[in-house]
Amino acid sequence: MGIQGLLQFIKPLLKEKHISEYQGERLAVDSYCWLHKAVYSCGRDLATGKPTRSYLLIRHINYVVKKAVDLKNMGIQLVMVFDGAPMPCKENTEEERRQTRSESLKKAEELEKLGNIKEAERYYTRAVDVTPSLAKEVIEELQKYNIECIVAPYEADAQLAYLCKIGYVSGVISEDSDLIVFQSTKVLYKLENNGYVKELKLDDLWNHPNYNMKKWTHDQFVLMCVLAGCDYLKSVKSIGLKTAYKYVSQHGELRQIISKLKRDIGKVPIDYEEQFLKALYSFKYHKVFCPLKGQMVNLNPIPEDIEMTDLSFLGETLSQDVILGIARGRLNPFTKQPFCEQNLKRKIDEIFQPLSKPSGIKKVKVEEEIKSLAQQIRFERKTQRSKYFDKGEGPQDGNTENPQEDFIDKKPFPIIAEILNPFKPPFANQNAIEKTGPLDFLQNLSFRKISLTTIFSESTN
DNA sequence: TCTGTGTTCACAT
DNA sequence: TGAACACAGA
Ligand SMILES: [Mn+2]
């Protein structure tokens with residue numbers, strides 16, 4: 001997934017940083033990275049849908065929310081971005097994943113029956129499907145903390161890059177090499193719990209110590225990546241990043257490269273050029289949500305004289321109502337329908353309440369848990385989202401015709417105002433320090449005393 | 001030296 | 001959602 005070997009390729013360009021250096025900035029988070037890690041803490045319960053402990057039904061939410069709130073408390077503003085519908089051309093990949101998930105589930109259930117709980121657990125974690133509904137549960141929780149969430153219409157990668165492009169955020173937290181291909185200006189890779197992170201600035205790409213790309217355009221870089229194999233198109237046999245680099249260095253342009261490729265290697269698929277163009281376009285013109293206009297746009301504007309006229313492979317164009325509903329977590333990005341899952345609290349209630357009746361002890365425990373769920377601490381009610389954001393989202397927020405245009409004229413990009421007038425965390429020099437969540441880098445910094453979100457702590461059971 | 005493939009990992013006690 | 005690593009073969 002991503003571009004095989006790209007992160008290794010750009011490794012010399014990564015700069016070791018500490019997350020505290022981004023205080024005052026606004027960063028977008030590739031939330032599925034966190035979510036996928038998070039579900040490892042409660043694989044069986046999510047995979048089977050038959051939780052053994054109620055807190056195991058929400059531990060993954062806790063993981064993501066805690067991480068986000070911790071960053072927010074450091075004075076980093078966050079935009080949590082979630083994946084939407086899969087691109088049509090990735091359907092086979094998705095099918096494979098569905099396959100392995102269901103196989104893993106079977107295997108896990110067998111192992112569990114045999115009493116091999118430990119091994120079963122391993123397979124259960126592989127069986128978990130991270131669905132929009134799961135994401136929705138996280139989003140609902142994040143929104144309680146006034147953390148902005150955006151569900152992309154398609155891939156989060158493109159959405160994150162777009163937010164960079166319009167200056168809505170100054171960088172992205174991710175693990176995915178595709179972010180570079182999508183032209184994100186700054187990507188923070190490998191955020192550790194101690195706060196260290198590896199930063200890539202897109203501008204540095206052209207000064208690679210081992211590969212001369214000084215005169216390259218970004219399009220040429222994308223060319224290299226697609227040549228080496230990407231999610232949208234497998235590479236021709238024996239072409240990896242290194243040889244792709246040579247081809248682009250020597251020929252520079254798509255048609256020439258492909259004809260040279262055909263001369264060098266016989267086995268080039270007949271429709272390779274067409275597929276190649278589609279892959280390039282999928283990177284360049286991916287459909288995303290614009291939070292300023294409240295509309296669906298392409299990552300880059302489609303030129304008048306574009307070669308390929310049928311762009312349906314980019315996915316359908318959604319109406320403003322639908323894209324807004326998806327982006328803000330009201331509609332399922334797969335079905336475009338409202339989420340029909342019942343409220344999480346009620347779900348927990350329903351599953352555990354009957355079980356608890358015979359045993360008085362258990363019932364008390366469950367009630368405590370639900371009470372604790374209901375009492376999630378809210379803090380910092382002061383809104384960080386300016387009115388402009390809401391205005392930008394059009395009629396839904398009480399605006400009538402054409403709200404986005406006059407909005408943009410008045411205040412181009414909210415973030416720019418905030419760069420000029422950086423957000424000063426209110427706790428900058430206050431003395432109260434509290435040890436908080438799992439991110440130990442918090443411990444060495446000065447923080448306002450704050451109650452962190454712990455929906456359930458491990459000690460409840 | 002480079003690429004393709006298979007395996008393991010991500011949580012947290 | 002993804003990457004790292006090891007190893008075999010061209
Ligand atoms: Mn990707």
Side-chain angles (χ1 to χ4, degrees), chain A residues 1-11 14 28-47 53 55-56 58-64 66-67 80-87 90 93-94 96-98 100-101 104 118-119 121-126 128-132 134-135 138 151-152 154-160 172-182 187 189-193 198 210-211 227-231 234-247 264-265 267 333 437-440 454 456-461:
Chain A
M1 299 289 97
I3 310 296
Q4 296 84 346
L6 184 56
L7 245 43
Q8 289 301 316
F9 184 87
I10 54 104
K11 203 168 185 179
L14 295 174
V29 176
D30 194 350
S31 305
Y32 268 50
C33 292
W34 292 2
L35 202 45
H36 273 269
K37 290 179 186 182
V39 296
Y40 274 81
S41 66
C42 38
R44 203 207 84 101
D45 298 71
L46 293 177
R53 300 267 189 281
Y55 73 89
L56 291 177
I58 56 166
R59 205 200 235 165
H60 58 296
I61 304 176
N62 202 15
Y63 176 87
V64 175
K66 206 161 191 172
K67 221 159 171 154
M80 302 292 289
V81 176
F82 296 79
D83 283 270
M87 291 282 284
K90 274 176 111 175
T93 310
E94 289 296 316
E96 280 174 26
R97 285 182 166 166
R98 272 193 290 274
T100 44
R101 277 198 298 269
S104 299
K118 201 82 191 156
E119 202 56 14
E121 191 70 38
R122 286 187 48 208
Y123 280 92
Y124 274 130
T125 62
R126 296 185 210 173
V128 179
D129 188 7
V130 177
T131 61
L134 214 61
V138 176
V151 179
Y154 295 100
E155 294 192 43
D157 311 24
Q159 183 66 49
L160 294 157
V172 174
I173 297 174
S174 178
E175 306 297 332
D176 186 349
S177 57
D178 283 332
L179 269 289
I180 312 166
V181 190
F182 280 108
V187 189
Y189 286 112
K190 313 221 171 295
L191 174 61
E192 295 177 63
N193 283 344
K198 294 182 166 63
N210 310 331
Y211 298 89
L227 219 42
C230 62
D231 292 351
K234 282 173 63 178
S235 70
V236 170
K237 210 81 175 170
S238 82
I239 306 293
L241 260 184
K242 308 289 174 70
T243 38
Y245 166 78
K246 287 177 194 158
Y247 273 94
D264 293 350
I265 306 158
K267 251 186 148 184
L439 304 187
D440 41 331
T454 300
F456 295 140
S457 76
E458 207 46 42
S459 60
T460 48
N461 225 322

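Keep in mind that what you see is a predicted model, and the values were worked out from it rather than measured. Chain letters run A, B, ... following the sequence lines, proteins first and then strands; every chain starts at 1.
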Rounded off to whole Å, could you give me the [atom1]-to-[atom2] distance for the [X] and [N] pair?
| X | N | atom1 | atom2 | result |
| --- | --- | --- | --- | --- |
| E192(A) | dC11(B) | CD | P | 11 Å |
| R53(A) | dA12(B) | CZ | P | 17 Å |
| L227(A) | dT3(B) | CG | P | 11 Å |
| K267(A) | dT3(B) | NZ | C1' | 16 Å |
| D45(A) | dA12(B) | CG | P | 14 Å |
| N193(A) | dC11(B) | CG | P | 7 Å |
| D264(A) | dT3(B) | CG | P | 14 Å |
| R44(A) | dA12(B) | CZ | P | 18 Å |

Tell me, please, which residues at least two apart from [X] pass ring-ring contact (aromatic ring centres under 6.0 Å, His included).
| X | answer |
| --- | --- |
| F9(A) | H208(A), Y211(A) |
| F182(A) | F283(A), H286(A) |
| Y123(A) | none |

Residues passing the side chain to side chain donor-acceptor pair (under 3.5 Å) test with D83(A), sequence neighbours excluded, are none
Sequence neighbours excluded, the answer for side chain to side chain donor-acceptor pair (under 3.5 Å) partners of D178(A) is none
In numerical order, the residues of residues 238-247 of chain A whose heavy atoms come under 4.0 Å of DNA chain B are S238(A), I239(A), G240(A), L241(A), K242(A), T243(A)
Here the helical stems involving DNA chain B, each at least 3 consecutive Watson-Crick or G-U pairs closer than 3.5 Å, sorted by first residue number, are B:1-10 with C:1-10
Q) Do Y247(A) and D264(A) meet the criterion of a side-chain donor-acceptor pair at a distance under 3.5 Å? A) yes
State, to 0.1 Å, how close [X] and [Y] come at their nearest heavy-atom pair, and which atoms those are.
| X | Y | answer |
| --- | --- | --- |
| L227(A) | A244(A) | CB-CB, 3.8 Å |
| A156(A) | V81(A) | CB-CG1, 4.0 Å |
| D157(A) | L179(A) | O-CD1, 3.9 Å |

Base, sugar-phosphate or nothing for E94(A)? Non-hydrogen atoms, less than 4.0 Å. sugar-phosphate
- Task: Flag the pair E121(A) and K118(A) as a salt bridge only when some basic side-chain nitrogen lies within less than 4.0 angstrom of an acidic carboxylate oxygen.
- Result: no
Can you pull every protein N or O that's under 3.5 Å from an N or O on nucleotides 2-8 of chain C?
unit_1: dG2(C); atom_1: OP1; unit_2: D157(A); atom_2: OD1; d: 3.4
unit_1: dG2(C); atom_1: OP1; unit_2: D157(A); atom_2: OD2; d: 3.1
unit_1: dG2(C); atom_1: OP1; unit_2: D176(A); atom_2: OD2; d: 2.5
unit_1: dG2(C); atom_1: O5'; unit_2: D176(A); atom_2: OD2; d: 3.0
unit_1: dG2(C); atom_1: O3'; unit_2: M1(A); atom_2: O; d: 3.4
unit_1: dA3(C); atom_1: OP1; unit_2: E175(A); atom_2: O; d: 3.1
unit_1: dA3(C); atom_1: OP1; unit_2: S177(A); atom_2: N; d: 3.1
unit_1: dA3(C); atom_1: OP2; unit_2: M1(A); atom_2: O; d: 2.6
unit_1: dA3(C); atom_1: O3'; unit_2: K190(A); atom_2: NZ; d: 3.4

Tabulated below should be each protein N or O lying under 3.5 Å from an N or O of nucleotides 6-9 of chain B; please produce it.
none

With sequence neighbours left out, the residues meeting salt bridge (charged side-chain N to carboxylate O under 4.0 Å, His left out) with R126(A) are none
Residue pairs meeting side chain to side chain donor-acceptor pair (under 3.5 Å), one or both in residues 34-47 of chain A, sequence neighbours left out, come to R44(A)-E112(A), D45(A)-T52(A)
Sorted by chain and residue number, the side chain to side chain contact (heavy atoms under 4.5 Å, CB included) partners of T131(A) (sequence neighbours excluded) come out as D129(A), S133(A), L134(A)
Should D30(A) and E175(A) count as side-chain neighbours, where that means a heavy-atom distance under 4.5 Å? no
